[in-house]
Every structure is written in C-alpha cells, then in structure tokens.
Number of protein chains: 2
Amino acid sequence: MICAIIKIMQKNQKITLADVAEAANVSPITVSRALRSPDKVSPKARDRIERAIAQLGYVPNPAARALASGRTDVIGVIIPSVSNNVFAEVMRGMYDALSGSGLTVQLATTGYSPLAEEHLIRVFLTQQPSGLILAGHDQSPAARDLLARANCPIVQVMEVGPKPIDVAVGLSHHDGAFLAARHLIERGYRAPAFLGAQMDPRSQRRLAGFRAAMREAGLAEVTQVVTTPEPSSVSMGCRLFADLIAHHPQIDAVLCNNDDLALGVLFEAQRRNLSIPDRLGICGFNDLEMMEAAQPPITSVQTDRYGMGQLAIAQIRDRLEGRGHPAGTSIDLGFALQIRDSTGGWRG
Amino acid sequence: MICAIIKIMQKNQKITLADVAEAANVSPITVSRALRSPDKVSPKARDRIERAIAQLGYVPNPAARALASGRTDVIGVIIPSVSNNVFAEVMRGMYDALSGSGLTVQLATTGYSPLAEEHLIRVFLTQQPSGLILAGHDQSPAARDLLARANCPIVQVMEVGPKPIDVAVGLSHHDGAFLAARHLIERGYRAPAFLGAQMDPRSQRRLAGFRAAMREAGLAEVTQVVTTPEPSSVSMGCRLFADLIAHHPQIDAVLCNNDDLALGVLFEAQRRNLSIPDRLGICGFNDLEMMEAAQPPITSVQTDRYGMGQLAIAQIRDRLEGRGHPAGTSIDLGFALQIRDSTGGWRG
DNA sequence: CATCATGATGACAGCGCTGTCATTCGTCAA
DNA sequence: TTGACGAATGACAGCGCTGTCATCATGATG
C-alpha cells in the first residue's frame, strides 16, 4: 500500500476516487460506497479505504458527485438582504445546524424584489438542491407554482401563515405586534404611534397587528403611523421619530417595527429630553441583544431567530432521512414580549 | 422551431444544452459557445439560441460545467463568524460586486479556529474555486503553504499586513487604534483604558496600537486593559465596563475594541450617572451606523467594510480577466477617526 | 452434500457539459 | 477560376462520480 501511495502522489495531480481505490486495492465503486454508506462495506476494506483517503488527502469532487447522482447536497437559502441583522442570527442558526451533515448552504439575496426571488427560485430548483429555504410567505404566484412542483423539502422561515408551501417555521408578526400594542395601552399610553422602515410583508403584518389593537381599544382615531420604504437603521429611527413628534406632539408611545428604530427613538427622545417611560413609551421588535443593555432597557417582542435557522435546517435534514413533518406543517416558534423599563417596566 | 420546442417540452424532463441545440437547430457545442463566448458565434445562430433558451427556460447545470471545465465559478469565502456584524457589511459589498458576473459565493465559517480554517482552505482548494477570500493574515503555516501553491486569486480582507499571500484589502488595525488612543490623550484624558472582547488577531493589534500610544504619552503605567475571549456584545460592554470602573474608578476614558462594546459602555455609564464626555470619554471601532445616532454621538474609527467586500470581489474578477493587481499587493483602504461628542467633540 | 440466502464487490454506462481538435463554408487576392 | 485563409461550426472524448445490475464468496439450511 505504501508504494502504491507514493506512486499516486508522484503524479502530483488531483487525487480522485480511482486513486484511493488503487491505493486501497479495491474498485472505485467500493470507495464510493464506503463514503456514502459505510455499513455496506466490510470493515476490513473500509479501514484500508479510510487510511488511503487520509494519506492521500482525498476530497470528493462535489461537481462529479452532483452530476452522477442528480443531487447536490446544497441547500438554497433565499433572503432579502444579508445586511439585515435579523437574518444574521438566522444564518448562524443554519450554519450551526449544518455541521456534520455534508450539506452546504448557498445564499442568495433578492433585495426585497419578488421578481428577483422568482428568478432565484427557478435557478435553484433546476439545480436539484437538497432543500430550499425562503424568507416569508409572499412568493409570487409563479414562484409558488414552481415550488409546488419541486421535489425537495421547502422551508419558509421567519413567519407562519395560512398555507405553507411545504413546511413553515416562524411566528405571527401580526400577533406579536398586536400584543405589544395592547401592552402599551394597558400601560396607560393613549396616543401610541407606529414607526416602520423597510416595509416588507412582515412589517406590514406587524402594522396590521398594531392597528387591530388600536381599533380594539377604540384608539384608531388618534393613532399615527409613520413609515418609509427605505432600509431600517438607528438613524432612521431618529429621523422618523423627529418627524413624528414634530407633527404630532401629543404622541405618548411608539411601537417600532424593529429594534434599530427603537434604539433611534430612544436616542432622539433623550436628545429632546423626553423622559422615558413617563413622557414616552418605546417598544421594539425582535429583541436584539442590546435592548436589554440599553439605558433604560427597551421593551421588545422577542423572536427566536437562531432557532428558526436551526429548525429550518433540521427539518430539511429530517426530510432527507425520511423523517420530519409532513407537507403543510407550520411550526410556530412564538414570541415573548419582554417588558422592560422603556414602557414602565414589569408590574407583577 | 416551435414544433421542436413543443416536442422537447413534452419530454417534461430537465432541459439540457442538447435540447436547446435541437430547438435552435445547431450542435450542442455551439450552444455552449454562445453561452461562454458569444462573440465566437454568428449573430444569426446566437439569436436562435437565445430565443430557444428563453422559451425552454434552460438553465445551465453548474455541476456538469464544473466537471467538464475544471472550474467552478465559485468564490470561497472563509470568515470567523456570520453573526459578527462587521462581516455582514463585508458580505453585502461582496454580493453587490458579484452581480452580473455569473460567479457565486460559498460562505464558510471557522468559529475563530485556525484548524477549522486550515481544513476549510484545503477543502475549498481541492474544489478548484475561481477565487478564495480569507479574513485576516493569521492563517496557520500549513494553510499558507497550501495557499501559496493554489492557482486561483486569493484575497485577504479586513487587514493589511507585511506579507500578503496574494492580494490584501484592508486597513491597519494597529494604526487605527493608535490614532484613536492618541486622540483621547490629546483631549486631555489621562487614564484611558482598553476594553476588548473576542480577542482575535485584529483585536490584538488594536490593543497593541493602544499600548503604543500610551507608551508614547508616558501613560503606560496608569493604563488599564480589560479583555475577554467571549463574543462581543453590547451587554458585554456593560459588564466589562462595570468590572473596570469598580476596580479602577480613576479611569477617565475607554477605547473599545469595537462599537458594540462602546455602546454598552455608554449605557452603563449613563446608568451610573457618569457624564460623557466630561467624566468619561468613549471611543469605539468600526463606526457602525448607530454611533452617530447615539446620544451623545460616539467617536469611532470608521472602516470601509462594504468597500472591502466589494474590492475583494472586484480583485478576483479582474484577475480572472487577466487584469488586476499583481501578487503581493496590499490595498490599504485606511480608516477615518470620526470625532464626536463622546470624546469632547470636534475642536477645529 | 446440494441449495439457497446473504453480504460484499465489481463492470458498465452515463450524468451534462466543455477542451481539443477537425471540418466546412464563404470571401478575397492572385 | 483557383487557392488560401479565417470565421463558424461540429465530432469526439472525457471530466469524476454513482445508479443499476451482475457476480462472487461465504455460511446457513435441509
């Protein structure tokens, strides 16, 4: 075996499965099997093969594997944007859940364009992916059509909705915002406003939840809503709030579409010496780590973004192994309103 | 052509290059050429081929392409962690620079482990990538060895250092921190401290820059340094600062390893009613968007993370087209100290 | 001892595309 | 009209691996 290995190394070329086979003195197909389903190869052969692989530093060629098998071991992930820190946590969950699976994530971004999403879905699907992960439920009809025909697990993350294409993992943004808005009302705020940037579908549903709570409380009339299609940021929170308070000084609380905005509102309110939570209540969405650290700590709707990513990958892995939830399942990870000082704190 | 297309569609199978060829009434190889180098195909044929591609919805199979050509159109990107918001901006720059190139990014994370990095480099390199992007200059000797032998462009991002493997795009973290520390001294702070979490090599160099400035000012004796290997976060900033001020109440300024920590320091100082910038100066690193929005706005060392990502991809694209900088080039994107109220503000 | 089931292994072809040549065709100068 | 030349196109083989089926050795069974 040693001399076989030396001979092969001397070729100084890419090490292929055939080289490993030669070194281990078996046929290529046996090496392939040892890699794919080790239990179908005798321990003796397996041992020799493993040793040969280690000594030659063999790494399988995924292109050849994909071509021959028609599968790719690639999970396509289509999200609106990489710089949205909400997705960063989701991605982290995915990468962690991937480990040891031989699967790879292929990330693509739509820039919040449904057409771009449709195109990416089309491209991914022709590539025979092991799975597809999409953000949200608002795929175009054509895209849903493509996806319905797909023969790989499809997970919609971020949100649960009425009709998952296959499996959905997320939460109800409507309900989260509804609960947060109701909390503001319970705390005695009588003129809450909604601040939103980058009004994607999930933001729209949060807004709807806010409105529903206001209607319920008979406050629909006094409610103010300020939104912008521009990306969300802390400075945007400052600007939107400055705009809001300039035109509607009677506002006494703000439900923010996300935590970046909430932090901006906090800063801007501090600049204007509006005392929090007495003069102004602030509530965010997502509960980024910094909400609790802020001064005062900011109330927010906690979402399990890391868990969403993890679970999405886990679902696909389960499916590939014949387990997992059936098509049509929604997994609601829920949310938890984290009540902090910015809305008056916890009153047992 | 129409009836050829109908015939092909009826097979209801994957559309291959051969199908396109049949529909366009040319040989497969001509279709391949039309895709790869359109100028080598007559306009007439090209037109028919393009029409056939559109009507059939043909998408090339990258696995087959990779196998046949020995190239993959994949750029491997190896970074420590996806949840570090510094890398999010870099990634955004990369994705933007990728558009229209047919190239794809394959992201992998090391979890700050040099061994994991070495393994990933090995795996990526055997895959014949179009390029490789690495974070920093601290690859293991074995990894550098592998990389030196690689026959694809390699870009080290985040940092410029003495001996780039191929091309480096970044800045001097030492100098950035040095300048920031000197600024604190110029502002009259006489007992500055350094706060650091997740002390990766770049953080170490920032610390070195801080120390150099302190020595220069003859303040090495009074200097305090608090670090932790744990991940950086706003709450970690609160905790580290609480720890620091408890043991060393004489501290009058803090240079933070990054902006998360700086924000945490701001919040914690506010909780303790330490007035900023009079009782305490705060300086961050990276200049995340929220630094300017904070109350008071926080001084920070601005870095062009988006530009780094963009330039890294642009370098690889240039190289693939035979242009671009020669091996051994370092591109220093520099930094800019953004002086704000948290260190006393700008004094012309 | 013959028969069969079982597990282990191998031969063969082909996945979809592209590199390398060879061939065809039209065009122009001699 | 002929030959030479370049542009356009095609034939062929093979990239590295795996699915399918066939083969072989082994031990269990009656």
Side-chain angles (χ1 to χ4, degrees), chain A residues 8 11 13-50 52-53 56-74 102 123 125-130 320, chain B residues 8 11 13-50 52-53 56-74 102 123 125-130 320:
Chain A
I8 292 165
K11 289 196 313 180
Q13 294 307 315
K14 288 185 283 267
I15 308 291
T16 71
L17 187 139
D19 297 326
V20 176
E22 197 185 330
N25 203 26
V26 294
S27 78
I29 196 68
T30 304
V31 178
S32 173
R33 256 193 297 260
L35 255 33
R36 279 233 153 287
S37 28
D39 53 313
K40 287 186 182 167
V41 174
S42 70
K44 256 178 26 201
R46 196 167 51 206
D47 187 59
R48 268 179 306 157
I49 291 169
E50 274 165 11
I53 287 176
L56 291 167
Y58 168 71
V59 179
N61 179 331
R65 178 175 283 181
L67 187 57
S69 69
R71 286 174 300 103
T72 51
D73 296 345
V74 168
V123 170
L125 283 183
T126 56
Q127 246 100 108
Q128 316 272 86
S130 288
L320 295 176
Chain B
I8 292 164
K11 289 196 313 180
Q13 295 306 314
K14 288 185 282 269
I15 308 290
T16 72
L17 186 139
D19 297 326
V20 176
E22 196 184 330
N25 202 28
V26 292
S27 78
I29 198 68
T30 304
V31 178
S32 172
R33 257 193 298 260
L35 255 33
R36 279 234 153 286
S37 29
D39 53 315
K40 286 185 182 167
V41 173
S42 70
K44 256 177 28 201
R46 196 167 52 207
D47 186 60
R48 267 179 306 158
I49 290 168
E50 274 165 12
I53 287 175
L56 290 168
Y58 168 71
V59 178
N61 179 331
R65 179 175 282 180
L67 185 58
S69 69
R71 287 175 300 102
T72 52
D73 297 344
V74 167
V123 170
L125 283 183
T126 55
Q127 245 101 109
Q128 317 270 87
S130 287
L320 295 177

Please classify the nucleic acid contact of [X] as base, sugar-phosphate, or nothing, using heavy-atom distances under 4.0 Å.
X	result
A:Ala45	sugar-phosphate
A:Arg71	sugar-phosphate
A:Arg33	base

Please report the distance, rounded to the nearest Å, between [atom1] in [X] and [atom2] in [N].
X	N	atom1	atom2	result
A:Ile29	D:dT23	CD1	C1'	14 Å
B:Asn61	C:dG14	CG	C1'	14 Å
A:Lys40	D:dT18	NZ	C1'	12 Å
B:Asp47	D:dA8	CG	P	15 Å
B:Gln128	C:dT18	CD	C1'	15 Å
A:Arg36	D:dG16	CZ	C1'	13 Å
A:Asp19	D:dC15	CG	P	12 Å
A:Leu35	D:dG16	CG	C1'	13 Å

Any donor-acceptor N/O pair, [X] side chain to [Y] backbone, under 3.5 Å:
X	Y	value
A:Thr72	A:Ala66	no
A:Ser69	A:Arg65	yes
A:Ser37	A:Asp39	no
B:Arg48	B:Ala24	yes

Check: A:Lys14 and B:Thr126 side chains under 4.5 Å, non-hydrogen atoms: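 Counting from C-beta outward, B:Thr126 and A:Lys14 never come under 4.5 Å.
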Would one find a side-chain N or O of B:Thr30 under 4.0 angstrom from OP1 or OP2 of D:dG10?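 For D:dG10, OP1/OP2 do have a side-chain N/O of B:Thr30 under 4.0 Å.
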Would you say C:dG19 has OP1 or OP2 under 4.0 Å from some side-chain N or O of B:Ser69?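 No, no such contact exists.
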Along DNA chain D (nearest heavy atom to each residue), the more 5'-positioned of A:Arg65 and B:Pro43: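 Closest to the 5' end, via its nearest nucleotide, is B:Pro43.
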Per [X] side chain, nearest of listed nucleotides [options]:
X	options	result
A:Val41	D:dT18, C:dT9, C:dC17	C:dT9
B:Leu67	D:dT20, D:dG10, D:dC15	D:dC15
A:Leu17	C:dA11, C:dC17, D:dC17	D:dC17
A:Ser27	D:dA11, C:dG10, D:dC17	C:dG10
A:Pro60	D:dC17, D:dT9, C:dG16	D:dC17
A:Ser42	C:dT9, D:dT18, C:dG16	C:dT9

